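In what follows, a structure is listed as structure tokens, so that the remarks can point back to it.
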Amino acid sequence: MENVTTVNEFLLLELTSTQELQPVLFMTLLIIYMIDLFGNGSILVVVISEPRLYSPMYFFLGNLSCLDICYSSVTLPILMANLLSAHKAVSFLGCITQLHFFHFLGCTESILLAMMGFDRFVAICYPLRYTVIMNFKACILLATVAWITSFFYALMHSVMTARLNFCHSLKLNYFFCDVKPLLELACGDIRLNQWLIFIVTGSLAMAACFLTFLSYLYIISFLLFKNRTCRGLHKALSTCASHFMVVSLFYGTVGLTYIPPASATSVSQGRYVAVIHTTVTSLLNPLIYTLRNKEVKLALKRVFGRKLKLSV
């Protein structure tokens, strides 16, 4: 019978064992976090305070910005704290909490991206019915479904992981708490947990990804075969470009993180991709939307221009 250990904390893997690099990494992550908070916070303020952006597209963008602030806050503060600490640990409750919010926000983002793709599909393919289909109540309902579904999905993983017994080393082979690294430390039957990851997580991710790219397939087909004007094609593509870049960045890093690795080197690389997924993706989202979207840039100038004038 395996020796079951009472768990009070887990030891996290350090980003680097080189002491001289730790302050540099800390400052890098701090700058990324500050830009992330400022960028996404600015978009959130603009979407709320600028009446010209009261539309379904910007409603979902505001949700995404709020989500990205929370998403980076789940992992970055602990990563930065561990860089300055000799004892790189997280409590059992803190680990399960981090796991819960990591999956809660990650799942919400995948569903929101699918809804944003559907919004672009309706706007381009059915412009005359757009305001009827994507009315305010429908947008609120879709966003509520995304957040609530994701919460209970994450609760499933956090409860099922918290009830496990741990009998191996309590040192996680990861930079933060996630389901798969914790299962490596568990003893007893973990087949149900693995089944939940494979079936439930896989199904949700594949469904959201499929629906997102299906929306773009319909949009491209519509533009190529039904709307052949250059002006209409350019306007539609410029509207979708920023969203498609965010989708590609999100699913690209998710794929590199969670697709089973072929070698030990791939495992090591996957851990660093996971850090990129939770930090750089949230940082780039506001930059992509502001650089590619004239309406957002103009709204930012109007809102912050007014605030600067009032402060003077």
Side-chain angles (χ1 to χ4, degrees), residues 1-17 70-71 73-83 85-110 147-206 254-275 277-278:
M1 186 176 178
E2 293 176 287
N3 185 28
V4 177
T5 307
T6 302
V7 179
N8 294 316
E9 65 179 19
F10 291 102
L11 299 175
L12 297 173
L13 190 68
E14 54 188 0
L15 280 170
T16 178
S17 57
C70 299
Y71 203 23
S73 298
V74 169
T75 53
L76 271 176
I78 292 178
L79 281 174
M80 291 188 289
N82 284 339
L83 281 169
S85 173
H87 186 57
K88 306 180 190 305
V90 60
S91 67
F92 178 80
L93 181 60
C95 189
I96 297 300
T97 303
Q98 186 183 44
L99 179 156
H100 174 81
F101 281 98
F102 180 73
H103 282 270
F104 169 39
L105 297 167
C107 183
T108 306
E109 181 159 2
S110 67
W147 287 94
I148 291 177
T149 300
S150 301
F151 178 83
F152 284 105
Y153 157 76
L155 187 65
M156 172 196 72
H157 276 308
S158 54
V159 169
M160 293 302 295
T161 306
R163 62 187 285 275
L164 293 173
N165 294 316
F166 297 91
C167 52
H168 304 300
S169 166
L170 299 182
K171 186 171 182 179
L172 280 174
N173 194 25
Y174 221 62
F175 303 122
F176 55 89
C177 293
D178 199 0
V179 177
K180 289 176 75 176
L182 283 168
L183 291 182
E184 292 175 6
L185 305 182
C187 54
D189 191 354
I190 60 170
R191 285 177 297 178
L192 178 58
N193 299 74
Q194 292 172 329
W195 181 85
L196 290 173
I197 292 173
F198 182 74
I199 301 297
V200 181
T201 305
S203 298
L204 275 172
M206 290 298 293
V254 166
L256 290 171
T257 303
Y258 290 102
I259 289 174
S263 65
T265 306
S266 300
V267 173
S268 177
Q269 290 172 349
R271 290 195 291 261
Y272 288 100
V273 173
V275 175
H277 170 67
T278 56

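Below, each value reflects all heavy atoms present in this structure, side chains not excepted, and no hydrogens, waters or symmetry copies. Computed from a predicted model, the values in this text were never measured in an experiment.
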Original post:
Which value, rounded to the nearest 0.5 Å, describes the distance between L196 atom CG and M160 atom CE?
Top reply: 5.5 Å
Subject >> Q98 vs T75 side-chain heavy atoms within contact, under 4.5 Å >> reply: yes
Subject >> Matching residue for Y71 among F102, F104, F176 - test: ring pair (Phe, Tyr, Trp, His ring centres under 6.0 Å) >> reply: F102
Original post:
Applying side-chain hydrogen bond (donor to acceptor under 3.5 Å, both in side chains), which residue pairs with at least one partner in residues 186-195 are found, sequence neighbours left out?
Top reply: D189-R191
Subject >> Partner of V74 under side-chain contact (heavy atoms from CB on, under 4.5 Å), chosen from L105, L99, T97 >> reply: L105
Subject >> For the student: nearest non-hydrogen atoms of A89 and L11, plus distance >> reply: CB-CD2, 3.8 Å
**OP:** Measure across C177 and L172 and return the closest heavy-atom pair with its distance rounded to 0.1 Å.
**Re:** SG-CD1, 3.9 Å
Original post:
Hey, what do you get for NZ (K88) to NZ (K171), rounding to the nearest 0.5 Å?
Top reply: 10.0 Å
Subject >> Separation between OH of Y153 and OG1 of T201, rounded to the nearest 0.5 Å >> reply: 3.0 Å
Subject >> Between OG on residue S150 and NE2 on residue H103, distance to nearest 0.5 Å >> reply: 12.0 Å
Original post:
Heavy atoms, side chains only, cut-off 4.5 Å: are I197 and H157 in contact?
Top reply: yes
Subject >> Note, N82 side chain near V90 side chain (heavy atom, < 4.5 Å) >> reply: no
Original post:
Taking C-beta and beyond as the side chain, do H100 and L155 meet within less than 4.5 Å on heavy atoms?
Top reply: yes
Original post:
Rounded to the nearest 0.5 Å, how far apart are CD1 of I199 and CG of L204?
Top reply: 11.5 Å
Subject >> Where L183 and I190 come nearest, the two heavy atoms and their spacing >> reply: O-CD1, 3.9 Å
**OP:** Count the heavy atoms belonging to other residues, nucleotides or ligands that lie under 6.0 Å from CZ of F101, then report whether that count exceeds 12.
**Re:** no
Subject >> Between CG on residue L185 and OH on residue Y174, distance to nearest 0.5 Å >> reply: 13.5 Å
Subject >> Over all atoms of both residues, closest heavy-atom pair of F175 and L12 >> reply: O-CD1, 3.9 Å
